[in-house]
Amino acid sequence: MLDINLIRENPEKVKKALLKRMGSVDFTELLSWDTKRRELIVETENMKAERNRVSKLIPSIKKEGKDAGVYLSAMKKLSDTITERDKTVSELDGRIHDFMAALPNIPADDVLAGDKENNKVVRIWGDKPEFSFKPKDHVQLVTDLHLIDYERGAKLGGNGFWAYRGNGALLEWALLNYFIETHISDGYEFILPPHLLTWNCGYTAGQFPKFEEDVYRIENGEGQFILPTAETALVNFHRDEILKEDELPKKYFAFTPCYRKEAGSYRSDERGMIRGHQFNKVEMFQYTVPEDSEKALDELIGKAEKLVQGLGLHYRVSKLAAADCSASMGKTFDIEIWIPSMNIYKEVSSASNGYDYQARRGNIRFRRISTGKTEYVHTLNASGLATSRLLPAIVEQLQQEDGSIKVPSVLKKWLNMDTIKA
RNA sequence: GGAGAGAUGGUCGAGUUGGUUUAAGGCACCGGUCUUGAAAACCGGCGUAGGUGCAAGCCUACCCUGGGUUCGAAUCCCAGUCUCUCCGCCA
């Protein structure tokens with residue numbers, strides 16, 4: 001949610017910024033609703049003040065034994081008018097709210113306009129592995145090595161699901177442990193949240209109402225949906241709270257599977273486990289004071305990169321153009337990992353600064369010590385990491401001529417073998 | 001799933017036969033006086049939001065949520081949510 005004051009005071013500036021990510025922006029109607037609303041509020045509040053004043057007089061009039069009938073009927077009439085005007089105000093409130101709730105975040109000044117094609121590679125780490133033999137693709141590798149069972153996964157969950165088995169499950173579990181251990185030692189608090197969330201959680205995160213179709217909803221539940229990312233849970237952890245300035249930043253991470261409908265997605269060219277309806281992810285999250293959020297974003301990207309580096313995998317970092325960022329986010333960097341067989345870099349982490357956008361939706365504030373006033377916090381999230389693209393990258397980048405996979409040394413604590421063999 | 005109890009500002013808590021409570025009071029917290037410093041004591045401040053005003057301020061709303069009754073609702077009525085206790089069922 002944007003601050004409507006920004007639009008009142010400088011509609012052109014906001015419009016210009018939003019046009020970096022949207023086709024068209026028009027505040028004319030919004031501003032007329034807003035003006036009308038404020039006029040009506042002044043009117044009705046004056047009436048309410050009058051009603052309060054007179055109502056307070058009535059007991060003493062009665063006490064004196066006089067007849068208050070004149071006042072009663074006048075106030076009855078006034079109350080009816082107030083009720084009617086209040087209805088109009090709340091209708092306007094609703095319209096304004098719906099309009100505001102549908103607006104995405106304002107892209108940061110240094111974020112380029114346009115969609116994917118304007119994403120900028122800002123860093124490259126390592127080199128594309130060269131093979132002295134004919135490398136296999138990950139679908140073949142994980143199948144040959146019995147790491148992933150696609151057929152039985154689809155038998156159980158339908159198209160877009162797979163099952164980890166044997167060493168594949170161990171490898172997955174080792175990766176998650178590696179992430180978790182790293183985050184704990186960096187001072188992040190481990191959260192295991194509910195996987196079923198209420199509608200409000202989706203709203204605060206900025207996924208609802210616009211992207212309700214992207215999540216699975218529980219048909220016979222109490223209106224919950226299954227989380228598409230742990231971000232949705234973590235951003236709601238402090239919803240409707242006023243935090244203390246000196247307890248910020250709050251640093252959390254969570255492990256959950258992520259469930260996504262991926263309706264209308266480009267699955268056809270993405271074999272294997274590049275895009276599924278369920279994947280595992282460890283998610284980092286920070287609540288910060290506004291002036292520290294850029295620094296926090298750097299920290300999050302750095303942490304995600306360090307995890308990939310630890311695995312010894314070639315990747316690059318891209319700064320996303322405005323329209324490629326999620327609606328709630330003002331700035332996003334993706335860490336993209338090299339998938340040799342596809343000749344392409346695929347996202348394994350997305351690190352974003354939401355600024356105060358989610359905080360406004362979720363009413364998440366802190367009290368500034370120097371002023372005693374409340375302000376909205378900034379919220380940031382970053383995957384650390386998602387495994388569904390990582391595992392293909394690992395098996396493809398670290399495959400050897402005999403078809404086995406070299407196990408990264410950071411994982412040996414949990415996966416006690418040098419290579420994964422058939 | 002059943003029964004009971006409850007929900008008031010950061011926290012505890014008064015108010016619940018509707019109208020001198022404009023939500024008392026304690027604690028915590030902040031500022032000040034005193035002190036070499038601290039504590040204690042004393043003085044003052046101290047919920048959130050919307051509107052209006054250059055400002056001081058003023059007005060309005062909010063006592064779990066949403067409706068309703070009334071000139072007037074923390075207080076009465078209806079529906080719901082959550083928490084606690086107990087019982088049942090279940091991994």
Side-chain angles (χ1 to χ4, degrees), chain A residues 1-9 30-101 192-204 218 220-225 233 236-248 250 287 289 356-377:
Chain A
M1 186 82 86
L2 301 180
D3 182 358
I4 194 166
N5 283 310
L6 287 178
I7 300 174
R8 277 180 198 157
E9 285 158 19
L30 174 74
L31 289 170
S32 79
W33 296 335
D34 183 54
T35 309
K36 182 78 193 150
R37 170 181 174 272
R38 284 190 287 168
E39 283 170 8
L40 276 173
I41 283 178
V42 172
E43 212 178 307
T44 57
E45 289 191 349
N46 285 336
M47 289 188 222
K48 284 177 188 173
E50 169 73 2
R51 181 178 66 186
N52 287 345
R53 195 180 61 79
V54 175
S55 289
K56 230 177 271 181
L57 292 177
I58 288 174
S60 58
I61 293 171
K62 283 186 174 170
K63 215 177 263 175
E64 291 170 28
K66 293 185 192 158
D67 180 20
V70 191
Y71 296 104
L72 296 189
S73 59
M75 288 306 102
K76 169 77 181 151
K77 223 173 128 193
L78 186 61
S79 272
D80 290 345
T81 313
I82 290 172
T83 306
E84 192 187 300
R85 300 292 167 88
D86 270 348
K87 231 166 132 185
T88 314
V89 171
S90 66
E91 195 193 306
L92 283 168
D93 273 338
R95 264 191 252 173
I96 291 167
H97 178 269
D98 290 350
F99 186 96
M100 293 300 293
L192 290 171
H195 295 184
L196 266 50
L197 303 174
T198 59
W199 193 92
N200 276 347
C201 294
Y203 174 79
T204 296
I218 305 299
N220 65 342
E222 319 297 326
Q224 295 103 327
F225 62 97
N236 280 279
F237 213 65
H238 292 295
R239 191 178 73 212
D240 294 316
E241 291 183 28
I242 299 175
L243 303 168
K244 296 197 177 87
E245 183 179 357
D246 55 17
E247 60 185 354
L248 295 173
K250 286 203 170 282
Y287 295 81
V289 294
D356 62 358
Y357 184 90
Q358 292 177 318
R360 283 179 188 281
R361 294 175 85 96
N363 198 25
I364 311 162
R365 293 167 294 171
F366 74 99
R367 193 175 299 281
R368 174 84 68 185
I369 291 169
S370 59
T371 62
K373 299 282 178 205
T374 57
E375 293 177 39
Y376 290 105
V377 300

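Labels below follow one simple rule: chain letters A, B, ... track the order of the sequence lines, proteins then strands, and each chain is numbered from 1. Just so it is clear, the values below take in all heavy atoms, side chains as well, and ignore hydrogens, waters and symmetry mates.
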Who pairs with [X] by side-chain contact (heavy atoms from CB on, under 4.5 Å), at least two apart in sequence or on another chain?
| X | result |
| --- | --- |
| A:Thr35 | A:Glu39 |
| A:Asp240 | A:Asn363 |
| A:Arg368 | A:Glu245, A:Pro290, A:Glu291, A:Phe366, A:Ser370, A:Thr371, A:Glu375 |
| A:Met100 | A:Met1, A:Leu2, A:Ile4, A:Ile7, A:Leu30, A:Ile96, A:Leu103 |

How would you label the contact of [X] with the nucleic acid (heavy atoms, under 4.0 Å): base, sugar-phosphate, or nothing?
| X | value |
| --- | --- |
| A:Val42 | sugar-phosphate |
| A:Arg8 | sugar-phosphate |
| A:Arg53 | nothing |
| A:Thr374 | sugar-phosphate |

In whole angstrom, give me the gap between the [atom1] atoms of [N] and [M].
| N | M | atom1 | result |
| --- | --- | --- | --- |
| B:A38 | B:A49 | P | 33 Å |
| B:G66 | B:A61 | C1' | 16 Å |
| B:G88 | B:U70 | P | 47 Å |
| B:A73 | B:A23 | C1' | 13 Å |
| B:G67 | B:A74 | P | 15 Å |
| B:G80 | B:G1 | P | 13 Å |
| B:G9 | B:C63 | P | 11 Å |
| B:G18 | B:C77 | P | 11 Å |

Heavy atom of residues 44-52 of chain A under 4.0 Å from RNA chain B: which residues? A:Glu45, A:Lys48, A:Ala49, A:Arg51, A:Asn52

Scan for ring pair (Phe, Tyr, Trp, His ring centres under 6.0 Å) pairs involving residues 61-98 of chain A, sequence neighbours excluded, and state none if there are none.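 Sorted pair list: A:His97-A:Tyr203.
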
Anything under 4.0 Å to a heavy atom of chain A counts; send over the first and last such nucleotide of RNA chain B, read 5' to 3'. B:G19 to B:G72

Mapping A:Met75 and A:Asn5 to their closest nucleotides on RNA chain B, which lands nearer the 5' end?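 Looking at RNA chain B, the more 5' nearest nucleotide goes with A:Asn5.
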
5'-most contact on RNA chain B (nearest-nucleotide basis), A:Arg37 vs A:Leu72, goes to A:Arg37

Not counting sequence neighbours, which residues clear salt bridge (charged side-chain N to carboxylate O under 4.0 Å, His left out) with [X]? List them please.
| X | value |
| --- | --- |
| A:Lys76 | A:Asp80 |
| A:Glu241 | none |
| A:Glu247 | A:Lys250 |
| A:Arg51 | none |

Less than 4.0 Å between a side-chain N and a carboxylate O, is that true for A:Glu91 and A:Arg95? yes

Give RNA chain B the dot-bracket treatment, 5' to 3': Watson-Crick (N1-N3 with N6-O4 or O6-N4) or G-U (N1-O2, O6-N3) under 3.5 Å, [ ] crossing, | other strand. ((((((((.[[[..)...(.....]]].(((((.......))))).((((((....)))))).[[[[[..)....]]]]])))))))....

Quick check: does any side chain N or O of A:Ser60 sit under 3.5 Å from a backbone N or O of A:Leu57, one acting as donor and the other as acceptor? yes

Taking C-beta and beyond as the side chain, do A:Arg8 and A:Arg38 meet within less than 4.5 Å on heavy atoms? yes

